[in-house]
Colleague: 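Let me give you the structure first, and then I'll get to my questions.
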Amino acid sequence: MRRIFSGMQPTGNLHLGNYLGALKNWVKVQQDGECLFCVVDLHAITVPQDPHKLRNATRETAAAYIAAGIDTKRNILFPQSAVPAHTELGWILGTQTPLGWLNRMTQFKEKSSKSRDLELLGLYSYPVLMAADILLYKTTHVPVGEDQKQHMELARDIAAAFNRAYGTEYFPLPEPQIMGEATRVMSLRDGTKKMSKSDESDYSRINLTDDADAIALKIRKAKTDAEPLPPTLAELEKRPEADNLVTIYAALSDSTRAAVLKTSAGAQFSQFKKDLTDLAVAKLSPITATMRELMADPAEIDRTLAKGAEKANHLAAKHLREVKDIVGFWRG
Ligand code: TYM
């Protein structure tokens, strides 16, 4: 049976990249096996967080999962910090992770290069905790955006290293599922930069909490060039901003870039941006509205998270016991 695990950090607004690169695909794969969807608050504190905002951001992230279509009756939705086995397994896996592997991680290099204050052990060992998240549930499939590919390769390497060290096949090697047309959504201000929560400009991204006016304004202001849309993918790929908008259109309409070019080649951006706005508003505003309704009753979200945490703890405790037996820890 497939076991599917994925997570998002509760750090500020979720955006269109999170939705198209991950969340939308989670909704698709939730029929394929037993799924756990985690709000990774332990990862969030690898950069400074306001404690008051963090707790609410955890609820808001959970609300986004539910509003996008994650079925909480069939799947386990929970906050990472409510399952202590994640950190315990993280420690054990750290003993199988050579520093050289961590030194290669581009996300650590990027984040820590922004400020000396971020040269922290927690940020450095972030990918080991991510491997623990995944392996703790003996996960087979992990739907993520393209930026998590390197972390996924590391998780597989760590699983293999543990299995080798202890002469076991305990951990399956988890498969990344990098799916759909928009595996890497780019900034609306710069088509060579990833759309990200940490970009100072709010115009660089569409947040899942944006209303129709904000979406329209951001798409209208999105950087483009003066040429109409080209007929071929090869030509499109030379124009990062144009490519990004076509990619977003394709992903939102469950289509492909090639199909979008078939119908829109020759169109001016003034028109294409209007069409994209209509599509984005039609697809995103029901999610935004549901998120808002869910956030009006935080106690209900808390109940859902508590139920999820109980189920996750049950599964996690069983696996952690098995891992501790493999490692040779005392058990009374
Ligand atoms: P996070 O919180 O940065 O992002 C959550 C998910 O959104 C995807 N994503 C994007 N996809 C396409 N285009 C973008 N511009 C874009 N920005 C973000 C990410 O690929 C991710 O799938 N390390 C993870 C969280 C994590 C995790 C895990 C994921 C912790 N443990 C275990 C899977 C399994 C992260 O920082 O995601």
Side-chain angles (χ1 to χ4, degrees), residues 3-27 29 35-47 49 54 57-58 60-62 64-65 68 78-81 83 86-87 89-90 93 105-108 110-111 122-123 125-137 139-156 158-159 174-199 204-208 240 243-244 247-248 250-252 312:
R3 183 163 289 135
I4 298 165
F5 182 100
S6 201
M8 286 195 193
Q9 299 187 66
T11 44
N13 285 332
L14 295 187
H15 53 68
L16 189 63
N18 298 127
Y19 177 64
L20 294 178
L23 197 45
K24 189 168 185 287
N25 298 326
W26 300 1
V27 175
V29 302
C35 301
L36 296 109
F37 297 114
C38 187
V39 182
V40 293
D41 50 0
L42 296 171
H43 279 108
I45 62 162
T46 55
V47 298
Q49 301 295 334
L54 181 62
T58 296
E60 192 170 84
T61 305
Y65 294 2
F78 70 104
Q80 186 187 29
S81 64
V83 182
H86 287 247
T87 36
L89 182 61
L93 296 180
M105 295 295 113
T106 53
Q107 286 211 348
F108 174 75
E110 269 163 35
K111 285 191 189 171
L123 191 60
S125 63
Y126 176 118
V128 183
L129 180 61
M130 176 161 162
D133 298 339
I134 296 165
L135 300 179
L136 181 58
Y137 301 97
T139 300
T140 57
H141 292 81
V142 185
V144 281
E146 214 241 1
D147 63 340
Q148 296 301 314
K149 200 169 165 193
Q150 196 184 33
H151 287 160
M152 282 305 305
E153 278 159 16
L154 183 78
R156 288 168 63 88
I158 293 176
E175 289 285 341
Q177 293 180 291
I178 300 175
M179 301 159 57
E181 221 29 31
T183 56
R184 188 176 181 83
V185 178
M186 309 309 276
S187 157
L188 298 180
R189 308 299 296 165
D190 177 351
T192 62
K193 258 174 53 187
K194 193 178 72 171
M195 183 178 284
S196 120
K197 294 172 196 162
S198 55
D199 197 312
S204 68
R205 63 186 158 257
I206 293 174
N207 302 306
L208 290 188
D243 193 3
N244 191 35
T247 301
I248 293 172
L252 281 172

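As the structure lists them, so they are numbered: ligands from 1, and atoms in each ligand from 1. Values reported hereafter were calculated over all heavy atoms of this structure, with side chains retained and with hydrogens, waters and symmetry mates removed.
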Colleague: Answer yes or no: is there a donor N or O on one side and an acceptor on the other, between the side chain of D41 and the main chain of S81, under 3.5 Å?
Modeller: yes
Colleague: Please list every donor-acceptor pair under 3.5 Å in which a side-chain atom of residues 12-22 meets a protein atom from a residue at least two apart or in another chain.
Modeller:
{"unit_1": "H15", "atom_1": "ND1", "unit_2": "G17", "atom_2": "N", "d": "3.0"}
{"unit_1": "H15", "atom_1": "ND1", "unit_2": "N18", "atom_2": "N", "d": "3.3"}
{"unit_1": "H15", "atom_1": "NE2", "unit_2": "N18", "atom_2": "OD1", "d": "3.3"}
{"unit_1": "N18", "atom_1": "OD1", "unit_2": "H15", "atom_2": "N", "d": "3.0"}

Colleague: Tell me whether the centres of the aromatic rings in H151 and Y126 are closer together than 6.0 Å.
Modeller: yes
Colleague: Can you give me a line-by-line list of nitrogen or oxygen pairs between ligand 1 and the protein shorter than 3.5 Å?
Modeller:
{"unit_1": "ligand 1", "atom_1": "2 (O)", "unit_2": "Q9", "atom_2": "N", "d": "2.9"}
{"unit_1": "ligand 1", "atom_1": "4 (O)", "unit_2": "N18", "atom_2": "ND2", "d": "3.3"}
{"unit_1": "ligand 1", "atom_1": "7 (O)", "unit_2": "N18", "atom_2": "ND2", "d": "3.1"}
{"unit_1": "ligand 1", "atom_1": "11 (N)", "unit_2": "G17", "atom_2": "O", "d": "3.1"}
{"unit_1": "ligand 1", "atom_1": "13 (N)", "unit_2": "V185", "atom_2": "N", "d": "2.8"}
{"unit_1": "ligand 1", "atom_1": "15 (N)", "unit_2": "V185", "atom_2": "O", "d": "2.8"}
{"unit_1": "ligand 1", "atom_1": "15 (N)", "unit_2": "M195", "atom_2": "O", "d": "3.0"}
{"unit_1": "ligand 1", "atom_1": "20 (O)", "unit_2": "G145", "atom_2": "N", "d": "2.9"}
{"unit_1": "ligand 1", "atom_1": "20 (O)", "unit_2": "D147", "atom_2": "OD1", "d": "2.4"}
{"unit_1": "ligand 1", "atom_1": "22 (O)", "unit_2": "G145", "atom_2": "N", "d": "3.1"}
{"unit_1": "ligand 1", "atom_1": "23 (N)", "unit_2": "Y126", "atom_2": "OH", "d": "2.7"}
{"unit_1": "ligand 1", "atom_1": "23 (N)", "unit_2": "Q148", "atom_2": "OE1", "d": "3.0"}
{"unit_1": "ligand 1", "atom_1": "31 (N)", "unit_2": "D133", "atom_2": "OD2", "d": "2.7"}
{"unit_1": "ligand 1", "atom_1": "36 (O)", "unit_2": "Q9", "atom_2": "NE2", "d": "2.9"}
{"unit_1": "ligand 1", "atom_1": "36 (O)", "unit_2": "Y126", "atom_2": "OH", "d": "2.6"}

Colleague: Using the side-chain hydrogen bond (donor to acceptor under 3.5 Å, both in side chains) criterion, which residues pair with R189? Sequence neighbours excluded.
Modeller: none
Colleague: Apply side-chain hydrogen bond (donor to acceptor under 3.5 Å, both in side chains) to K111 and list each qualifying residue two or more places apart in sequence or on a separate chain.
Modeller: none
Colleague: Step by step, work out the salt bridge (Lys or Arg N to Asp or Glu O under 4.0 Å) result for K193 and D199.
Modeller: CA-CA 10 Å; K193 258 174 53 187; D199 197 312; 3.5 Å; yes
